[in-house]
S.K.: 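Quick one: the structure is below, and I'll ask about it shortly.
Ligands are counted one by one from 1 in listed order, and the atoms in each one are counted from 1 as well. Along the sequence shown, the residues carry numbers beginning at 1. Remember, it's a predicted structure, so these values are computed and weren't measured experimentally.
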Amino acid sequence: MIPHGDLVARLAAVVGERHVVTDADVTAGSCVDWTGRYRGATPALVQPGSVDEVAAVVALCNEQRVAVVPQGGNTGLVGGGVPLDGEVVLSLRRLGQVGPVDPDAGQVTAGAGATVADVHRAAAAAGWAYGVDFASRDSATVGGSIATNAGGTRVLRYGDTRAQVVGVEAVLADGSVVSHLGGLVKDNTGYHLPSLLCGSEGTLGIVTAARLRLVAPAAERVTALLAFSATGPAVRAASMLRRSMGSLEALELFLDNGLGLVCEALGLTRPFPDRHGAYLLVEAAGPSDPLDQLSEVVGSIHDVADVAVASDSVRRAQLWRYRDGLTEAINTLGPPHKLDVGLPAGRLAAFLDEVPAVVVAVPEAASARTWLFGHVGDGNVHVNVTGLAPDDDRVDAAVLDLVAGMGGSISAEHGIGRAKRQWLSLSRSDAEIAAFRAIKAALDPAGILNPNVLLPPIA
Ligand code: MLT
Ligand code: ZN
């Protein structure tokens, strides 16, 4: 490898001197993940301003065998977007342009550095909507959301990020650019690279732009918070709501300890006079007001202990704050261990009930606190555990074993990253992992693209 000084000079020749940052005080923010659990260092933070510059940077790094971590809004939660092994950080933030919305197709091309909120705004201004949404929308970028195949709160209605991506432009490890942004919805001309790149965590190529499908905006929207005595009735109600309401857009679950923490950390008033075991945040949306249907369905669920309903945007936002505030509130307790698991619908309630005992049974975790919440409509539970040393992963192992034993996935939406790569075999067979390695070797033979995430190191 060439000395750092030479590498920096050659990178600067590509992107301009002011777009190569080497001062450790300035790069520090790019070297730690959002949770504060994963910290590293980089010789250079490179900020290309065009796809051609990205291609030239990657070609140079490939030639010099320098590992690169692509980074967008740095909101990832699995240590997959930070330079834990001294990689160069390639920021896509300057590729932030959102093109004009095609009003006929209901599509838009967005640069990798545009935020998810930018796409929402552009879509809304043209009378459309974007189907993916989550709490970090103002910082999370299009590129990062594709690299992690981000999920969020609307997956049960519109699918994950992969389901929105009609085409991508990406830079491969040798610096070549693959671009297929024409927007044809039906296009069976070979391998579907957008599907492959979605969820590839920057290991196969660096997404620089994407053609995104938009959805019909909902003229009417209603949000309800339902209280239940325990997780079992809440999970049963979630399934009944899915069966009964085609206009359902979100179905989020959280427990009383999480609600208490959010209220305390964010200074909110509790939504109900009494405490309850579990809460469901329900949102329905469509061309006509879903309030009557939602009231009817909720009225038929016998186990509902209390209800708050909101149709106006201010009150709806207040109800969402109890859910969206969880991540932020949990982080006030120190870096959490974050797991985002997926369970078969029939095992969800049992998992929610069993997991706290599994956590405290782990040696030295007796006083750890477990926070359970998530997207119950698609079987995705967030297990956050606080009060553990950042590098002690015995609780992670115990929870993921429980998940695998119940037929679940060790990552439903955040990806594998650094946090979970040692447990990939709990969810993937040897043959699948061998296929992953073959794809990686074919597209990135020198192993420079985010080489320290997703795939476990070969022993
Ligand atoms: C969420 O659903 O709130 C996000 O996935 C973030 C998190 O798990 O903290
Ligand atoms: Zn989530």
S.K.: Tell me the closest heavy-atom pair linking Pro70 and Leu92, and the distance in Å.
M.R.: CB-CD2, 4.1 Å

S.K.: With a 4.0 Å cut-off on N to O distance, would you call Asp324 and Arg321 a salt bridge?
M.R.: no

S.K.: What are the atoms of ligand 1, with element, lying closer than 4.0 Å to any heavy atom of His375?
M.R.: 2 (O)

S.K.: Need the ligand 1 atom indices (1-based, order shown) with element for anything under 4.0 Å from a heavy-atom of His382.
M.R.: 1 (C), 2 (O), 4 (C), 5 (O), 8 (O)

S.K.: For the atoms NE2 of His382 and OE2 of Glu413, give the angle they form at the Zn ion (ligand 2), rounded to 10 degrees.
M.R.: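 With the Zn ion (ligand 2) as the vertex, NE2 (His382) and OE2 (Glu413) sit 100° apart.
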
S.K.: Number the atoms of ligand 1 from 1 as they appear, then name those within less than 4.0 Å of a heavy atom of Lys338, with their elements.
M.R.: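 Answer, ordered by atom number: 7 (C), 8 (O), 9 (O).
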
S.K.: Using a 4.0 Å heavy-atom cut-off, say whether Phe134 meets ligand 1 through its side chain, its backbone, both or neither.
M.R.: neither

S.K.: Below 4.0 angstrom, N of the basic side chain to O of the carboxylate: do Arg316 and Glu283 qualify?
M.R.: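 Result for this pair is yes, salt bridge flagged.
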
S.K.: Give a yes or no on whether Glu296 atom CD has more than 12 heavy-atom contacts from other residues, nucleotides or ligands under 6.0 Å away.
M.R.: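 Counting neighbours around CD of Glu296, 12 or fewer heavy atoms of other residues, nucleotides or ligands fall under 6.0 Å, so no.
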
S.K.: Quick test: of every protein heavy atom, which one is nearest to atom 2 (O) of ligand 1, and how far off is it to 0.1 Å?
M.R.: Arg323 NH2, 2.7 Å

S.K.: Mind checking whether Asn384 has an N or O less than 3.5 Å away from an N or O of ligand 1?
M.R.: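 Asn384 vs ligand 1: no N/O contact under 3.5 Å.
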
S.K.: Please report which non-hydrogen protein atom sits nearest to atom 8 (O) of ligand 1, along with the residue it belongs to and the distance in Å to one decimal place.
M.R.: His414 CE1, 3.1 Å

S.K.: Taking C-beta and beyond as the side chain, do Phe373 and Val381 meet within less than 4.5 Å on heavy atoms?
M.R.: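 No, every pair of side-chain atoms sits at 4.5 Å or beyond.
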
S.K.: Name the closest protein heavy atom to atom 6 (C) of ligand 1, giving the residue it belongs to and the distance to 0.1 Å.
M.R.: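 Ranking protein heavy atoms by distance from atom 6 (C) of ligand 1, first comes Thr327 OG1, 3.4 Å.
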
S.K.: Begin with the C-alpha distance, continue with both residues' side-chain angles, and end with the deciding distance and a verdict on side chain to side chain contact (heavy atoms under 4.5 Å, CB included) for Leu77 and Trp34.
M.R.: CA-CA 7 Å; Leu77 297 169; Trp34 189 89; 4.0 Å; yes

S.K.: For ligand 1, is there an atom lying under 4.0 Å from some heavy atom of Leu77?
M.R.: yes

S.K.: Please work out, at 4.0 Å between heavy atoms, whether the side chain, the backbone, both, or neither of Glu252 comes within that distance of ligand 1.
M.R.: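 Neither part.
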
S.K.: Do the side chain of Asp312 and the main chain of Arg315 share a donor and acceptor less than 3.5 angstrom apart?
M.R.: yes

S.K.: Hey, is the Zn ion (ligand 2) within less than 2.8 Å of some N/O/S atom on His375?
M.R.: yes

S.K.: Salt bridge check, Arg211 against Asp102: does any charged N sit closer than 4.0 Å to a carboxylate O?
M.R.: yes

